[in-house]
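Here's the structure, in C-alpha cells; my notes come after.
Proteins get letters first, then strands, A, B, ... in listed order; numbering begins at 1 in each. As the structure is a prediction and not an experimental result, all values here were calculated from the model.
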Amino acid sequence: MCARLTKSLEEQIEIISSGSVEIIPEDEMSSKIKRSIVTGKPLRVKFGVDPTRPDLHIGHAVPLVKLGAFQELGHSVILIIGDFTALVGDPSEQDATRPILTPQEVERNARTYIEQAEKIIDISRARIVRNSHWLSLLKLQDVLNIASKFTVARILERDDFSKRYREGKPLGLHEFLYPVMQAYDSVVLEADIEIGGTDQKFNLLAGRNLQRAMGQDPQCVITLPLLEGTDGVWKMSKSLGNDISLSDSSDEMFGKLMSIPDELIWKYMSLSTRMKPDEISSIRKEVEDGKKNPRDAKERLAVEVVGFYHGTDEAKKAAENFSKVFREGGVPEKIPVARIEANRFEKRKVWIVELLVSLKVASTNGEARRLIEGGGISLDGRKIVNIEEEMPVEELDGKILKKGRRTFIRIEVIE
RNA sequence: GGGGGAGUGCCCGAGUGGUUAAAGGGGGCGGACUGUAAAUCCGUUGGCGCAGCCUACGUAGGUUCGAAUCCUACCUCCCCCA
C-alpha cells in the first residue's frame with residue numbers, strides 16, 4: 001500500500017483547510033507537508049474518539065470525513081479508540097463528571113465505533129489503535145513524570161474546568177489528567193497532525209506541549225467546527241436529543257435532516273457531505289435569490305447525507321417516504337413491527353392504555369392516557385378517543401398504530 | 001483546619017411548618033397550522049385501570065397532629081480565613 005503523495009502543497013493545504021476552523025500553526029503545517037512531499041513519507045494524522053456511547057452521530061463524523069480527506073492525499077491516518085481515556089471521561093464541554101463506564105461497556109462501544117467509522121474512512125488503510133495498550137502500562141512514577149510537564153495553572157486555563165468550578169459543579173482530580181493522557185497518546189504515536197473539534201483545542205494543544213517537553217517535533221493541530229444539532233442551537237449531542245445518529249435508519253436520518261433550521265443547510269452540506277464547495281454556494285445563491293425553495297435545498301442535503309451512510313437507493317426511498325408521510329399525510333413503506341403476546345391478556349381483551357405500554361409507544365400508563373386524551377393515537381386510521389376502550393387481541397394483528405404525526409408501528413400478535 | 005452560605009421535578013428557578021404533586025420559564029410529548037419534524041398558537045408534562053391511593057424537594061435519621069420548609073450527621077458545591 002504505497003502512499004500517493006501526488007498533490008502539490010497548495011492543493012493539499014486547500015483540501016486540508018476546507019471547513020477547518022483553525023490550523024495551529026499554519027507555517028509548521030506547510031513545512032510538514034513540504035517535507036512529506038520531498039521525502040515521500042506520509043504524515044501521521046491522529047484522531048481520537050472515546051467510546052463512551054454506543055454510537056456516533058454525524059457531528060462526530062466531521063473529523064472522520066476530514067481524516068478520509070487526508071487518506072485520499074496519501075497520508076497515514078491513525079484512529080485512536082480511547083478505551084482507556086473513556087474510563088476517565090473527557091471533561092471537555094462537560095458540565096458534570098461523566099459516569100464511570102465498565103471495561104465491558106467501553107469494549108462494546110469501541111466495536112460499534114469502528115463499524116461506523118468504516119462507513120467514512122478506508123479502514124484497511126488506516127491504523128486503528130486502542131490507547132489502553134500503552135496507558136494501562138504506565139506506573140504511577142511514569143504518570144508523575146508526565147504530569148510534571150504541566151502546571152495546574154495551565155490546566156485550569158481550560159474554560160470548561162473553570163466554568164464548572166465557577167458553577168459549583170464537582171470536578172474530579174482524575175479529570176485533570178485527561179488532557180495529559182490524550183497528549184501522551186500523541187507522544188507514543190509520534191503524531192504529526194492531530195485533528196478534533198474546536199472543543200478539543202486545549203487537549204490538542206496539550207499534545208503539542210508534551211511532545212515538545214519530551215523532545216519530539218510537536219504536532220500541528222487542526223480544529224473543526226462543531227455541528228449544531230437538529231435544533232440549530234446546541235452542539236449535536238445524544239443527551240440533548242438533537243442528534244442524527246450514524247445508526248439511524250434512512251427514514252429517521254432523512255426526517256431529522258429535514259427538521260434542521262434553514263440557515264444550517266450550508267454548514268451541514270460542507271461538513272457532512274462530499275458536495276463541492278462551489279456547488280453548495282450556487283445552490284445557496286439560488287435560495288437567497290428566491291429562485292429555489294429552501295425545502296428543496298434541504299431535501300438535496302438530506303439525500304446526500306443519507307446516501308453517504310445508507311447508499312443512494314435508500315436515500316431516494318427515504319425522500320419518497322418523507323413526502324408521502326409528511327406532505328400527503330400517508331403511511332410510510334417500512335414500518336417497525338412490535339409484537340405482543342396474546343396470552344398475556346386476560347380473556348384476550350386488550351385495554352388500549354395497556355396496549356400502548358406493551359408496544360412501548362408510551363412508557364407509563366399515565367403517558368398513554370395523556371396521548372389518548374390529547375388525540376395523538378390512532379389505530380388503522382381511526383382516532384382513539386375513549387380511554388376505556390378494549391378490543392380483542394386477534395383484531396389487532398396487522399393493524400397500524402400511529403402516535404403523533406410520525407411514529408408508526410405495525411402490530412403483530414403472537415400466541 | 002476554622003467561619004459563613006447553598007443543594008427543589010428532565011434542566012433553570014420560586015417556595016421557609018399545613019389549602020404544595022410543588023409558581024414561572026426552558027425542554028419533551030400531543031393538537032392546530034406550515035414547503036418542513038421550522039416559526040407561531042393551544043394542551044400536557046411523578047407513578048398506579050387515575051373523582052382515589054402511593055412516592056417525591058442532596059443522603060440518612062429526628063422533632064411535630066402535620067416538614068421541601070425546624071434539628072442532627074453525612075455527601076457535594078460556593079465564599080472568606082489558614
Residue whose nearest RNA chain B nucleotide is more 5′ - A/Lys298 or A/Arg369: A/Lys298

Using heavy-atom distances to pick each residue's nearest nucleotide on RNA chain B, tell me which of A/Ile260 and A/Lys403 is more 5'. A/Lys403

Polar pair under 3.5 Å, donor/acceptor by atom type, side chain A/Arg406, base B/A37: yes

For a quick check, tell me whether the side chain of A/Arg405 and the base of B/U34 share a donor-acceptor pair closer than 3.5 Å. yes

Whole angstrom value for the distance that separates [atom2] of [N] from [atom1] of [X]:
| X | N | atom1 | atom2 | value |
| --- | --- | --- | --- | --- |
| A/Asn242 | B/G28 | CG | P | 9 Å |
| A/Asn293 | B/A38 | CG | C1' | 12 Å |
| A/Ile372 | B/C50 | CD1 | P | 15 Å |
| A/Met258 | B/A37 | CE | C1' | 9 Å |
| A/Glu373 | B/U45 | CD | C1' | 13 Å |
| A/Lys256 | B/A38 | NZ | C1' | 17 Å |
| A/Glu354 | B/G47 | CD | C1' | 16 Å |
| A/Lys292 | B/G35 | NZ | C1' | 13 Å |

For the pair A/Phe326 and A/Phe322, name the ring-plane relationship: parallel under 30°, tilted 30 to 60°, perpendicular over 60°. tilted

Nearest-angstrom distance, [atom1] atom, [N] to [M]:
| N | M | atom1 | answer |
| --- | --- | --- | --- |
| B/U64 | B/G18 | C1' | 12 Å |
| B/G3 | B/C74 | P | 12 Å |
| B/A6 | B/G58 | C1' | 11 Å |
| B/C57 | B/C11 | P | 14 Å |
| B/U45 | B/A60 | P | 28 Å |
| B/A22 | B/G47 | P | 14 Å |
| B/G43 | B/G25 | P | 11 Å |
| B/U59 | B/A68 | C1' | 15 Å |

Among [options], which nucleotide sits nearest the side chain of [X]?
| X | options | result |
| --- | --- | --- |
| A/Thr364 | B/G30, B/G47, B/U36 | B/G47 |
| A/Leu371 | B/C50, B/G35, B/G30 | B/G30 |
| A/Arg370 | B/U44, B/C48, B/C33 | B/U44 |

Does A/Gln211 use its side chain to pair, donor to acceptor, with the backbone of A/Ala191 at less than 3.5 Å? yes

Between A/Asn242 and A/Thr230 (side chain of the first, backbone of the second, donor and acceptor by atom type, cut-off under 3.5 Å), is there such a pair? no

May I ask you to say whether A/Lys7 pairs ionically with A/Glu14, meaning some side-chain N is under 4.0 Å from a carboxylate O? no

Charged N to carboxylate O under 4.0 angstrom, A/Arg348 versus A/Glu415? yes

Under a 3.5 Å limit for both distances, which nucleotide forms a Watson-Crick or G-U wobble pair with [N], could you say?
| N | result |
| --- | --- |
| B/U36 | none |
| B/G7 | B/C75 |
| B/A56 | none |
| B/C41 | B/G31 |
| B/U64 | none |

For a quick check of understanding: with a heavy-atom distance under 4.0 Å over all strands, which category does [X] fall into, base, sugar-phosphate or nothing?
| X | value |
| --- | --- |
| A/Asp231 | nothing |
| A/Gly255 | base |
| A/Glu388 | base |
| A/Glu390 | base |
| A/Gly366 | base |

Kindly determine whether A/Met269 and A/Glu304 satisfy side-chain contact (heavy atoms from CB on, under 4.5 Å), including the steps that lead there. CA-CA 8 Å; A/Met269 279 183 173; A/Glu304 287 290 335; over 6 Å; no

CG/A/Leu64 to CD/A/Gln116 distance, rounded to the nearest 0.5 angstrom? 10.0 Å

